[in-house]
**Student:** 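Dropping the structure in here first, questions after.
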Amino acid sequence: MEQSPLSKMPRIEVVDALRGFAVMAILLVHSLEHFIFPVYPDPLSQPEWLNILDKAVFSIIFTLFAGKSYAIFALLFGFTFYIQLVNQQAKGKDFGYRFLWRLLLLTAFATLNAAFFPAGDVLLLFSIVGIFLFIVRNWSEKAILITAIIFLCQPIEVFHYIASLLNPAYTLPDLGVGKMYGEVAEYTKSGNWGEFLWGNITLGQKASLFWAIGAGRFLQTAGLFLLGFLIGRKKLFISSDSNIKFWIKTLIISAILFAPLYQLWVELSASDNAIIKQSIAVLLDMWQKLAFTFVLVSSFVLLYQKEKFQNKVSNLRLYGKMSLSNYITQSITGALIYFPIGLYLAPYCGYALSLLIGLVTFFLQVQLCKWWLKSHRQGPLERLWHRLTWIGSK
């Protein structure tokens with residue numbers, strides 16, 4: 001077991017900016033998805049140029065951000081745990097058990113966000129999987145890395161595939177996710193506030209967790225948490241010549257791996273074999289997205305070494321400092337814009353217009369961040385979470 005450093009870690013600006021980038025990307029993807037409310041204009045009612053533009057916007061945004069923004073968010077969750085752990089160790093305290101309380105508090109924020117987000121909220125998944133960080137907090141770096149690799153190799157998906165080879169009649173368990181989301185869609189369309197809010201925090205959250213099981217998100221999230229924790233231990237976000245070389249190597253290796261992984265995923269996704277499509281193809285989908293995630297992360301970190309780039313993304317740094325507040329208010333805003341409980345603009349907004357709405361929402365949130373952070377060190381929900389975390393911490 002390695003000895004933990006005892007000096008307090010300062011706030012690292014690139015992490016705030018990278019977190020802001022991830023939350024902005026999540027907003028843009030969710031806006032295009034109408035916050036998981038797939039109601040769009042009839043293509044026949046639009047001019048052809050607008051249909052072409054919509055397809056281009058969808059392809060670009062989803063290729064760049066879908067599945068990658070979530071992965072960055074998860075990496076930084078593990079990194080933040082490391083910072084909190086080290087800062088408490090510097091005071092002679094074990095942050096582990098307080099972190100478990102913090103995860104319990106996170107379920108409350110997940111419930112608040114899920115109330116306006118029919119697909120269920122990833123924060124609930126984070127609050128469950130975060131227990132792995134508590135377990136490994138004193139492990140060696142080698143043990144954590146091996147565990148992270150095992151998680152990211154998706155042993156459950158591999159088991160499904162091997163089982164199908166041994167028994168051609170083998171089928172994947174039916175978790176009933178499609179049926180649950182069908183019910184979610186029905187009460188969302190009704191526009192009844194009571195049904196919408198209650199259904200989201202009960203059935204919607206259940207459907208989200210069951211979907212995460214089938215999509216391999218539980219183990220992937222655990223692996224990403226542990227990688228983020230390791231990045232913190234190795235201090236890889238701190239600017240230094242050795243770290244710059246590390247991120248350059250990461251960029252090159254990730255870029256090289258992405259192309260063949262993506263091509264394999266495309267080919268297996270088109271397979272007639274249902275088991276392959278739902279196991280090995282799922283695994284490869286996560287790997288190709290993980291490779292591209294590290295292309296984005298390493299590129300961002302390397303660019304951030306330039307003062308000119310730092311100035312251009314200064315708004316992302318502010319946005320990242322209020323990531324929880326911005327993430328939850330995104331869902332509330334999206335529900336009021338797109339859903340029948342609000343303005344119900346979904347049937348009138350194609351992908352291009354939805355992207356514009358997402359960008360305007362981002363701009364307004366940034367202005368609120370600037371105003372709030374002039375007189376506060378943290379966002380309102382971050383401040384509440386922090387205060388509740390330190391109960392009995394004198």
Side-chain angles (χ1 to χ4, degrees), residues 20-73 113-114 116-122 177-178 181-182 184-186 188-189 191 196 200 204 207-208 211 215 217 258 262 265-266 269-270 285-286 288-289 292-293 295-296 300 315-316 319 326-366:
F21 171 76
V23 177
M24 177 201 69
I26 289 171
L27 167 62
L28 298 183
V29 171
H30 282 171
S31 192
L32 261 64
E33 293 177 323
H34 292 172
F35 291 79
I36 322 298
F37 183 56
V39 176
Y40 297 93
D42 182 352
L44 296 178
S45 68
Q46 298 187 147
E48 186 58 26
W49 66 267
L50 185 54
N51 289 328
I52 295 172
L53 179 60
D54 280 343
K55 290 178 181 178
V57 166
F58 178 86
S59 296
I60 292 170
I61 296 300
F62 271 72
T63 298
L64 288 175
F65 301 138
K68 296 87 173 178
S69 49
Y70 141 80
I72 297 173
F73 207 37
N113 193 63
F116 296 88
F117 193 72
D121 184 48
V122 73
V177 175
Y181 275 134
V184 170
E186 287 303 313
T188 300
K189 292 176 183 177
F196 180 76
N200 287 348
S208 175
W211 173 85
R217 279 290 180 93
F258 169 71
Y262 179 82
W265 168 68
V266 170
S269 296
D285 182 37
M286 285 185 281
Q288 62 94 4
K289 286 177 179 175
F292 198 83
T293 295
V295 169
L296 292 175
F300 194 97
N315 285 340
L316 287 179
Y319 198 65
N326 288 324
Y327 179 73
I328 291 178
T329 53
Q330 285 175 15
S331 297
I332 297 172
T333 302
L336 295 176
I337 290 174
Y338 294 112
F339 296 167
I341 61 165
L343 298 176
Y344 193 33
L345 296 183
Y348 310 101
C349 298
Y351 294 125
L353 181 54
S354 298
L355 175 62
L356 179 60
I357 291 173
L359 291 171
V360 171
T361 302
F362 169 70
F363 173 79
L364 293 176
Q365 285 189 311
V366 167

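This is a predicted model, so every value here is computed, not measured.
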**Student:** Under the side-chain hydrogen bond (donor to acceptor under 3.5 Å, both in side chains) test, which residues partner N326, sequence neighbours left out?
**Tutor:** none
**Student:** Taking only residues two or more places apart in sequence, or in another chain, which ones meet Q330 in a side-chain hydrogen bond (donor to acceptor under 3.5 Å, both in side chains)?
**Tutor:**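 Scan of Q330 (side-chain hydrogen bond (donor to acceptor under 3.5 Å, both in side chains), adjacent residues dropped) gives Y319.
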**Student:** Can you list the residues that meet the side-chain hydrogen bond (donor to acceptor under 3.5 Å, both in side chains) rule with T188, with sequence neighbours excluded?
**Tutor:**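 T188: no side-chain hydrogen bond (donor to acceptor under 3.5 Å, both in side chains) contacts found.
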**Student:** Output the distance between atom CG (L355) and atom CD1 (I61), rounded to the nearest 0.5 Å.
**Tutor:**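 Going from the CG atom of L355 to the CD1 atom of I61 covers 5.0 Å.
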**Student:** Can you name the nearest heavy-atom pair linking C349 to I357, along with the distance?
**Tutor:**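 Residues C349 and I357, closest heavy atoms: SG-CD1, 3.8 Å.
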**Student:** Mind checking what makes side chain to side chain contact (heavy atoms under 4.5 Å, CB included) contact with I60, not counting sequence neighbours?
**Tutor:**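 Expected list: L64.
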**Student:** If you measure from CG on L27 to CG on L32, what distance do you get to the nearest 0.5 Å?
**Tutor:** 10.0 Å
**Student:** Which residues pass the side chain to side chain contact (heavy atoms under 4.5 Å, CB included) test with A215, not counting sequence neighbours?
**Tutor:** W211, R217
**Student:** Do you know which of F339, F116, F117 makes ring-ring contact (aromatic ring centres under 6.0 Å, His included) with F196?
**Tutor:** F339
**Student:** side-chain contact (heavy atoms from CB on, under 4.5 Å) for Q365 and T333? Distances and angles first, verdict last.
**Tutor:** CA-CA 11 Å; Q365 285 189 311; T333 302; 5.6 Å; no
**Student:** Restricting to pairs with a member in residues 52-62, which pass side-chain hydrogen bond (donor to acceptor under 3.5 Å, both in side chains), not counting sequence neighbours?
**Tutor:** Q46-D54
**Student:** Could you state the interatomic distance from OG1 (T361) to CE (M24), rounded to the nearest 0.5 Å?
**Tutor:** 13.0 Å
**Student:** Within this structure, what is the CG-CG distance for the pair D121 and N113, rounded to the nearest 0.5 Å?
**Tutor:**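 D121 CG to N113 CG: 4.0 Å, rounded to 0.5 Å.
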**Student:** With L336, which residues qualify under side chain to side chain contact (heavy atoms under 4.5 Å, CB included), at least two apart?
**Tutor:** W193, I332
**Student:** Where do T293 and A71 come nearest, in terms of heavy atoms and distance?
**Tutor:** OG1-CB, 3.6 Å
**Student:** Using side chain to side chain contact (heavy atoms under 4.5 Å, CB included) as the criterion, list what pairs up with L343, not counting sequence neighbours.
**Tutor:** L345
**Student:** Restricting to side-chain hydrogen bond (donor to acceptor under 3.5 Å, both in side chains), what partner residues turn up for E33, sequence neighbours left out?
**Tutor:**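 Once residues adjacent in sequence are excluded, E33 has no partner under the side-chain hydrogen bond (donor to acceptor under 3.5 Å, both in side chains) criterion.
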**Student:** List in chain and number order the residues that pass ring-ring contact (aromatic ring centres under 6.0 Å, His included) with F258, two or more places apart in sequence or in another chain; answer none if no residue qualifies.
**Tutor:** Y262, F292
**Student:** Grab the two heavy atoms, one from N200 and one from P118, that are nearest each other, plus how far apart they are.
**Tutor:**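 N200 and P118 have their closest heavy atoms at OD1-CA, 3.3 Å.
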**Student:** Write down the atom of I26, the atom of Y327, and the distance for their closest heavy-atom approach.
**Tutor:** CG2-CE1, 3.9 Å
**Student:** Out of curiosity, F300 CZ to L316 CG, how far, rounded to the nearest 0.5 Å?
**Tutor:** 5.5 Å
**Student:** Can a donor-acceptor pair be found between the side chains of Y338 and S31 at a distance below 3.5 Å?
**Tutor:**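 Indeed, the side chains of Y338 and S31 share at least one donor-acceptor pair under 3.5 Å.
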**Student:** Considering non-hydrogen atoms only, spot the tightest contact between G358 and L28 and give its length.
**Tutor:** C-CD2, 3.9 Å
**Student:** Looking at A25 and S69, what are the two nearest heavy atoms and their distance?
**Tutor:** CB-CB, 3.5 Å
**Student:** Checking T63 against F58 for the side-chain contact (heavy atoms from CB on, under 4.5 Å) test, could you report, in this order, the C-alpha distance in whole Å, the side-chain angles of both residues, the deciding distance, and whether it holds?
**Tutor:** CA-CA 8 Å; T63 298; F58 178 86; over 6 Å; no
**Student:** Which pairs pass side-chain hydrogen bond (donor to acceptor under 3.5 Å, both in side chains) with one or both residues in residues 341-357, sequence neighbours excluded?
**Tutor:**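 The answer is H34-S354.
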**Student:** Among all residues two or more places apart in sequence or in another chain, which pass the ring-ring contact (aromatic ring centres under 6.0 Å, His included) test with Y181?
**Tutor:**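 Partners of Y181 under the ring-ring contact (aromatic ring centres under 6.0 Å, His included) test: none.
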**Student:** Enter the distance from M286:CE to W265:CH2 here, rounded to the nearest 0.5 Å.
**Tutor:**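 If we round to the nearest 0.5 Å, M286:CE and W265:CH2 are 12.0 Å apart.
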